[in-house]
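Structure, as structure tokens:
Convention: sequence-line order gives letters A, B, ...; per-chain numbering from 1.
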Protein chains: 2
Amino acid sequence: MTAYTATVTVRLKRGVLDPEAETTKGALERLGFEVDELRSADRYELDFDAADADAARSRADEMAERLLANPTIHDYDVDVSER
Amino acid sequence: MTAYTATVTVRLKRGVLDPEAETTKGALERLGFEVDELRSADRYELDFDAADADAARSRADEMAERLLANPTIHDYDVDVSER
């Protein structure tokens, strides 16, 4: 078993309203920053052991699909590296 | 002016309690996944125009320091790319 860190980034699908991002963009503009667009995402870094990188990636995919992301509104991507 | 996307990742400093991450880790374990550690972070992707990459980076740094991150409890990093 090798120690891996999987980084799962969960973002809203295009077209899904993101009031948090709109609020943050408005606050930046009130501070004087010009921003064309702001997208927010959640990022999870997970440490676990797996037999190899493929096994680590498929484990992280399964965690994203079963808990971290809601497939109705979210896209996610997974990046795996050895610790 | 060139169009840039700055990615700002905001994470809790080591030692700051993260109840959301603990809850997520517990939920994954109840689903049968073994996880040694889970860290959560917020990720912001900001689109804006700047004269060059250095200007874009310093603008994103300033946005992180003034609004996106709380320097008492957060670390952040900035990554800038042309759109």
Are A:V35 and B:Y76 connected in the hydrophobic side-chain network, where two residues link if heavy atoms are under 4.5 Å apart?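 Yes, A:V35 connects to B:Y76 through the hydrophobic network.
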
Same cluster for A:L38 and A:I73 if Ile/Leu/Val/Met/Phe/Trp/Tyr side chains link at under 4.5 Å?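 No; A:I73 is not reachable from A:L38 via cluster members.
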
When rounded to the nearest 0.5 angstrom, what distance separates CG in B:D42 from CD in A:E20?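 The CG atom of B:D42 sits 6.5 Å away from the CD atom of A:E20.
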
Is it the backbone or the side chain of A:R11 that comes under 4.5 Å from a heavy atom of chain B, or both, or neither?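 For A:R11, the contact with chain B is made by the side chain alone.
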
Using non-hydrogen atoms only, which part of A:T5 is less than 4.5 Å away from chain B: side chain, backbone, both, or neither?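 Only the side chain of A:T5 comes within 4.5 Å of chain B.
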
Do A:D47 and B:R39 have side-chain heavy atoms sitting under 4.5 Å apart?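 With C-beta onward as the side chain, the pair touches.
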
Considering only heavy atoms, which portion of B:R83 lies under 4.5 Å from any heavy atom of chain A: side chain, backbone, both, or neither?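 Just the side chain, heavy atoms under 4.5 Å.
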
Where does B:T9 contact chain A at under 4.5 Å (heavy atoms): side chain, backbone, both or neither?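 Contact with chain A is through the side chain of B:T9 alone.
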
Please identify, among A:R59, A:K25, A:E37, the residue contributing the most non-hydrogen atom pairs under 4.5 Å to chain B.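 Of A:R59, A:K25, A:E37, A:E37 has the most heavy-atom pairs under 4.5 Å with chain B.
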
Distance-minimising heavy-atom pair for B:E34 and A:F48: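 Looks like O-CB, 3.4 Å.
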
Nearest heavy-atom pair of B:T24 and A:Y44: which atoms, and what distance?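 That would be CG2-CE2, 4.4 Å.
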
Quick check: are there more than 12 heavy atoms from other residues, nucleotides or ligands sitting under 6.0 Å from CD of A:E65?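 It does: A:E65 CD has more than 12 such atoms within range.
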
With respect to chain A, which residue among B:D49, B:L67, B:L68, B:V8 yields the maximal number of heavy-atom pairs within a distance under 4.5 Å?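 That would be B:L67.
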
Would you please test A:L28 and B:R66 for side chain to side chain contact (heavy atoms under 4.5 Å, CB included) and show each step? CA-CA 9 Å; A:L28 286 170; B:R66 291 191 61 190; over 6 Å; no

